[in-house]
Each structure stands twice: as C-alpha cells, then as structure tokens.
Amino acid sequence: MAYSRTTRILHSLIALTITFQLIVSLVMEPPKVDRPMSQASAFWFEWHEWVGLAAMAVLLVSWIYRLANFKREGQAKLFPWVNAAGRKGLMTELRMFLTLKWKALPDTGPLAGTIHGLGLLIATAMAVTGSILYIGLWPDNIVTANVNNMMDVHSTLATVMWVYLYGHIIIASWHQFVGHGSITKMFSWR
Ligand code: HEM
Ligand code: HEM
C-alpha cells in the first residue's frame, strides 16, 4: 500500500520535529525549582519550546486528517482494535509474531498499525504536556509545584518516546531489508 501524499508530508514533519526535540533535550538546560533561567542556558530550551509547539500544531493537523479519513483505506489501520475484525486480525498477527513468523508479517498490517498508533499517541502526549508546560512557565519561567509535577510526566513520557523512535527505525529498516520497501514508500516524493 502506498501512503497518501498528505500522510507522507505529515509523517516527515512529525519525524523531524520529534527527533529534533529528543536530541535538543540532551543539550538544553530547562528551568528548575532551584535554578532560575539564565540568558545563556535559555537558548536551546527556547528552541525546544518553539519546535515543541510546532510539533503540537502538526500533530493537531494529523489528528484532524486521520479522523476525517478514518474509514478510507489505510487510515483506520493505526487503531485496528476499535472493531471486531481489526481485533481478530491483530490476534492473528500477534500469534505469527510470537511463533517467530516475522518475514510473513506485512508492514501495513494490524500489528504494525497498532504500534504506529501508539507512537502517534505518545508523541501527542509529549506535545500536550509540553504545551501545558509552556502555559505554566509563561511569562517568567518560574517552576511552581504543579509545573514541576507536569515536568515529571513529560520526562517519563520522554523515555517511552526514545524507545519508540529506536524501535521504529530498527523495524522500518528491517522491513526495508526483507523487501517490503517501507522506507522507500514512506519517504518517496512523487
Ligand atoms: C512533541 C513535543 C515535545 C517533545 C518530543 C519533548 C521532548 C522532551 C524530552 C525528551 C525532554 C527530556 C526529558 C528528560 O530527559 O528528563 C524534555 C524536557 C522538557 N521539555 Fe519537552 N518536549 C516537547 C515539547 C515541549 C514544549 C512545547 C515545552 C514547553 C515549555 C517543553 C518543555 C520541557 C521542559 C520544561 C523540560 C524539562 C523537564 C525536566 O527536566 O524535568 N517541551 N522534553
Ligand atoms: C518519533 C517520531 C516518529 C513518529 C511519531 C512516527 C510515526 C509513524 C506513524 C504514525 C506511521 C504510520 C503511518 C500510517 O500508517 O499512516 C509511521 C510509519 C513509518 N515511519 Fe515513522 N514516525 C517517526 C519517525 C520516523 C523516522 C525518524 C523514520 C526514519 C526511518 C520513520 C520511518 C517510517 C517508515 C518507513 C514508516 C512506514 C512503515 C511501513 O510501512 O513499514 N519514522 N511512522
């Protein structure tokens, strides 16, 4: 199955912004309860804020597009478990996975779709908690108890996002390698 042009463009924007966010989080110095922001340490954190808000906007457009096209071919595949036929397909593929019939697993089946759907949910949860942090920190970057708690949620989700990104790239490369052409299909600009 080829992905629609809109899906491919939105996916590239999501991949770029989320990967940027994860990498920049390694070098930025966010405000802390006992450490007010200095001008110098604010630079990369400000990038994190702006790109995070951009990611939120891209994800919002993605969700509107997904929900508007839910019934059309391919679009419902991210959440196959919402109906009985999808749940049955998912169980069949799970059994194939557990019995190591990996090569027979399609790249666009209910199992891959479910994982992709979870990835979209984690990215959205990061963007939503980040946007709440943006509002909570505005205008002086003071870390209150509530903001601190939200930072803990945001950081916990970050670990899951890293695991998803690594797993997603490894499995996409594997599908490409066994001949499903996943990367070619997703990043083709026709
Ligand atoms: C999709 C969007 C976003 C992603 C993927 C993301 C990702 C991350 C990651 C990976 C960390 C490091 C967590 C850690 O190592 O503990 C982090 C920390 C942080 N992010 Fe974001 N972020 C996003 C949006 C935002 C936005 C819009 C803000 C706005 C203020 C924000 C504020 C923060 C803050 C304050 C921290 C520090 C948390 C702490 O150290 O406890 N993030 N983010
Ligand atoms: C953390 C950021 C990312 C998120 C949240 C994400 C999310 C998604 C989602 C939701 C899909 C399914 C699209 C659909 O079925 O409509 C997908 C597919 C895909 N993604 Fe990502 N993606 C991310 C980063 C990446 C990166 C960096 C690459 C580069 C290798 C990549 C490669 C692919 C490929 C090749 C597919 C097609 C899968 C297939 O047909 O086997 N993604 N991704």
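Indexing begins at 1, ligand by ligand and atom by atom, following the structure's order.
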task = Decide yes or no for L118 and Y164: does some side-chain heavy atom of the first lie under 4.5 Å from some side-chain heavy atom of the second?
result = no
key: H116 N/O/S atom closer than 2.8 Å to atom 21 (Fe) of ligand 2   = no
ask   = Are F20 and H48 near enough that their ring centres are under 6.0 Å apart?
value = no
inquiry  = Among all protein heavy atoms in this structure, tell me which lies nearest to atom 23 (C) of ligand 1, with the distance rounded to 0.1 Å.
reply    = Q21 NE2, 3.3 Å
request  = Output yes when a side-chain donor or acceptor of T7 lies under 3.5 Å from a complementary backbone atom of Y3, and no otherwise.
outcome  = no
query = Should you measure from each heavy atom of P30, which atoms of ligand 1 turn up under 4.0 Å away?
reply = 37 (C), 40 (O)
note = closest protein heavy atom to atom 34 (C) of ligand 1 is F45 CE1, 3.6 Å
query = Shortest non-hydrogen contact from H175 to S182?
reply = CB-OG, 3.0 Å
query = Between V61 and L13, is a side chain to side chain contact (heavy atoms under 4.5 Å, CB included) present by the stated rule, with each step listed?
reply = CA-CA 11 Å; V61 174; L13 292 173; over 6 Å; no
query = Is there side-chain contact between W50 and Y134, with at least one heavy-atom pair below 4.5 Å?
reply = yes
remark   = heavy-atom search around atom 29 (C) of ligand 1 in the protein gives G130 O, 3.1 Å
Minimum-distance protein heavy atom relative to atom 36 (C) of ligand 1 = M28 CE, 3.9 Å
message = Counting only nitrogen or oxygen atoms and a 3.5 angstrom limit, does H48 reach ligand 1?
response = yes
query = Which ligand 2 atoms are under 4.0 Å away from a heavy-atom of I183?
reply = 35 (C)
message = Taking 4.0 angstrom as the limit and counting only heavy atoms of S182, give me the atoms of ligand 2 inside it, by number and element.
response = 35 (C), 39 (C), 40 (O), 41 (O)
query = Taking both backbone and side-chain atoms of H154, is any N or O found less than 3.5 Å from an N or O belonging to ligand 1?
reply = yes
Donor on one side chain, acceptor on other, T129 and H154, under 3.5 Å = yes
request  = For ligand 2, indicate whether the residue T7 contacts it via side chain, backbone, both or neither (heavy-atom separation under 4.0 Å).
outcome  = side chain
query = What part of M161, side chain, backbone, both or neither, has a heavy atom within less than 4.0 angstrom of ligand 2?
reply = side chain
ask   = Which of the numbered atoms in ligand 1 are below 4.0 angstrom from a heavy atom of A158?
value = 9 (C), 10 (C), 13 (C)
message = So that I know where these two stand, are F79 and W63 an aromatic pair - ring centroids less than 6.0 Å apart?
response = yes
ask   = Under a 4.5 Å cut-off applied to non-hydrogen side-chain atoms, are L111 and L94 in contact?
value = yes
key: Parallel, tilted or perpendicular, as decided by the 30° and 60° cut-offs, for the rings of F187 and H11   = perpendicular
key: A172 contact mode with ligand 2 (heavy-atom cut-off under 4.0 Å)   = side chain
ask   = N/O to N/O below 3.5 Å, does that happen between K32 and ligand 1?
value = yes
message = Please report whether ligand 2 has a polar contact with Y3, defined as an N or O pair separated by less than 3.5 Å (distance criterion only).
response = yes
key: I18 contact mode with ligand 2 (heavy-atom cut-off under 4.0 Å)   = side chain
query = If you measure from atom 31 (C) of ligand 2 to every heavy atom of R66, M186, H11, which option wins on shortest distance?
reply = H11
ask   = Considering all heavy atoms of both residues, which atom of S188 and which atom of R8 are nearest to each other, and what is their separation?
value = O-NH1, 2.6 Å
query = What's the shortest heavy-atom distance between V143 and L137, and which atoms?
reply = CG2-CD2, 4.1 Å
request  = Look at atom 16 (O) of ligand 1 and say which protein heavy atom is nearest, naming residue and atom and giving the distance to 0.1 Å.
outcome  = S155 OG, 3.0 Å
Per-atom contacts of ligand 1 with L22, taking only distances under 4.0 Å to non-hydrogen atoms = 10 (C)
request  = Using a strict cut-off of 4.0 Å, indicate which atoms of ligand 2 neighbour a heavy atom of I14.
outcome  = 4 (C), 5 (C)
query = Any sub-3.5 Å donor-acceptor pair from T17's side-chain atoms to I14's backbone N or O?
reply = yes
ask   = How far apart are the C-alpha atoms of V147 and M151, what are their side-chain angles, what is the distance that settles it, and do they pass the side chain to side chain contact (heavy atoms under 4.5 Å, CB included) test?
value = CA-CA 6 Å; V147 168; M151 279 185 181; 4.1 Å; yes
inquiry  = Testing the 3.5 Å rule here: is there a donor-acceptor pair between the side chains of S4 and Y65?
reply    = yes
key: Under 3.5 Å: N/O of T19 near N/O of ligand 2   = no
inquiry  = One residue to check: I171. Relative to ligand 2, which of side chain, backbone, both or neither has a non-hydrogen atom less than 4.0 Å away?
reply    = neither
request  = Quick one: look up the protein heavy atom nearest atom 9 (C) of ligand 1 and list residue, atom name and how far away it is.
outcome  = S25 CB, 3.5 Å
note = min-distance N/O/S atom, H168 vs atom 21 (Fe) of ligand 2, resolves to NE2
message = At under 4.0 Å between heavy atoms, is it the side chain or the backbone of H180 that contacts ligand 2, or both, or neither?
response = neither
request  = Check ligand 1 against E49 and write out every atom of the ligand that is under 4.0 Å from a heavy-atom position of the residue.
outcome  = 27 (C), 29 (C), 30 (C)
inquiry  = Check this for me: W138, atom CH2, are more than 12 non-hydrogen atoms of other residues, nucleotides or ligands nearer than 6.0 Å?
reply    = no
